[in-house]
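Structure first, then comments.
Below, all heavy atoms of this structure are taken into account, side chains as well, without hydrogens, waters or symmetry copies. Each chain gets a letter, A, B and so on, in the order the sequences are listed, and its residues count up from 1.
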Amino acid sequence: MPELPEVETVRRDLNAHVLGLRIQAVRVRDARVIRGTTSKKFVEGLTGRTIKEISRRGKAIICHLDNGRYFIVQLMMTGQMVYAPQLPKTPLKETKVTFELSNGTYLNYNDQRLFGRLTLFEKLEDVKHFAILGPEPFDLSFNASFIKEALKRRNMAIKTVLMDHTFVAGIGNIYASEILFRSGISPKRAARGLKISEIKRMHTMTLEVLEEAILHRGSSMRNYRDGQGEKGTFNKLIKVYAREGEKCERCAAPILKIVQGGRSTFYCKHCQH
DNA sequence: AGGTCGACCTGGCAGC
DNA sequence: TGCTGCCAGGTCGACC
């Protein structure tokens, strides 16, 4: 699914549309997306609650409720949180949960593959996933000296480490490839073999790519949609991801595809060393 | 502890 | 047209 820029876009959209609204009713059409509790308790826990704030940690959306509890959404690969002024006559097949809001509008949780998770928590400290998560890329703690220390212990390929959420939160398969292309670093390099100049460049490019992607409301490959159901436009600026065989914009060599840790990686052999 | 692998699901698409 | 196999943006638990 969506990586950090896409989730951040959804968060901002929801902030604009649903903040301060009360959840009047919750309709669960497929209980498999509800985790950690029963569908009944989930509905009871949300009905009547007002959404006070919407934040993000890594690729998770956090809705702060007026009773001090938290409603957390992980979109995973194919989840969508879409604001809708009205509902279609027949619900979409992928709409798994519908939230009816106090101003007569709706919020739909759509998911084609049921990988996504909707969970209720008493405290954020209870979220196991957050406890193992690395720093946010935009945090000051995520800097060249932190990266240098963290990479020392890693013998894995740098691409695999960039995607590892215990190292840094929010970077997935698309942006890991894009960051390394802009950094001129081969995805196959051993993480601990990077020079400090390369680490600095990678850090700068990480922020640059993520900021640009947020500005363009994310990348839409197949399933990603923003909070209004629209596609993101960062795809146009993607240089290597899913571009196998196309000419590298910089040097015209063909973009290559390899598999690392079971995931596809795209890169330019000529521009990345 | 670091590292690898398969499982979780459904649908779209390429190839035959 | 219709079948089969492969692939997909993430995360977790089991294993070495």
Categorize [X] for me: base, sugar-phosphate, or nothing, with a 4.0 angstrom heavy-atom threshold over every strand shown.
X      : answer
A:K128 : sugar-phosphate
A:I132 : sugar-phosphate
A:Y175 : nothing
A:E94  : nothing
A:R35  : nothing

For [X] and [N], give me the distance from atom [atom1] to atom [atom2], rounded to whole Å.
X      : N      : atom1 : atom2 : value
A:Q80  : C:dG10 : CD    : C1'   : 15 Å
A:E6   : C:dA8  : CD    : C1'   : 14 Å
A:M77  : C:dA8  : CE    : P     : 8 Å
A:E244 : C:dA8  : CD    : P     : 10 Å
A:R57  : C:dG10 : CZ    : C1'   : 16 Å

List, by chain and number, the other hydrophobic cluster members for A:Y70, where Ile, Leu, Val, Met, Phe, Trp and Tyr join if side-chain heavy atoms come within less than 4.5 Å, directly or indirectly.
A:I62, A:I72, A:F121, A:L124, A:V127, A:F130, A:L133

Which ILVMFWY residues can you reach from A:M163 by hopping between side chains whose heavy atoms are under 4.5 Å apart?
none

Judged by each residue's nearest nucleotide on DNA chain C, which is more toward the 5′ side, A:N173 or A:H129?
A:N173

Can a salt bridge be assigned to the pair A:E44 and A:K41 using a cut-off of 4.0 Å between side-chain N and carboxylate O?
no

Less than 4.0 angstrom from a charged side-chain N to a carboxylate O is my criterion; do A:R12 and A:E8 meet it?
yes

Please name all residues satisfying side chain to side chain donor-acceptor pair (under 3.5 Å) with A:E122, sequence neighbours left out, ordered by chain then number.
A:R69

Can you give the donor-acceptor pairs under 3.5 Å from side chains of residues 213-221 of chain A to other protein atoms, not counting sequence neighbours?
| residue | atom | partner | partner atom | Å |
| --- | --- | --- | --- | --- |
| A:H216 | ND1 | A:E212 | O | 2.9 |
| A:R217 | NE | A:D226 | OD2 | 3.4 |
| A:R217 | NH2 | A:D13 | OD1 | 2.9 |
| A:R217 | NH2 | A:D13 | OD2 | 2.6 |
| A:R217 | NH2 | A:D226 | OD2 | 3.0 |
| A:S219 | OG | A:Y175 | OH | 2.6 |
| A:S220 | OG | A:Y224 | O | 3.1 |
| A:S220 | OG | A:G232 | N | 2.8 |

Gap in Å between the two P atoms, one belonging to B:dC5 and one to C:dC7, rounded:
15 Å

Dot-bracket notation for DNA chain C is requested: 5' to 3', Watson-Crick or G-U wobble pairs only, both distances under 3.5 Å, with ( ), [ ], | and . as defined.
.|||||||.|||||||

Centroid separation A:Y109 to A:F99 less than 6.0 Å
no

Quick tally for nucleotides 1-11 of chain B: nucleotides whose base has a protein heavy atom under 4.0 Å get B, sugar-phosphate-only ones S, the rest -, giving -SSS---BBBB

Taking the six-membered ring of A:F167 (Phe, Tyr or Trp), confirm whether the NZ or CZ of A:R153 is under 6.0 Å from its centre and within 45° of its axis.
no

Using modelled atom types only, decide if a donor and an acceptor are shared between the side chain of A:Q80 and the backbone of A:N110 within a distance under 3.5 Å.
no

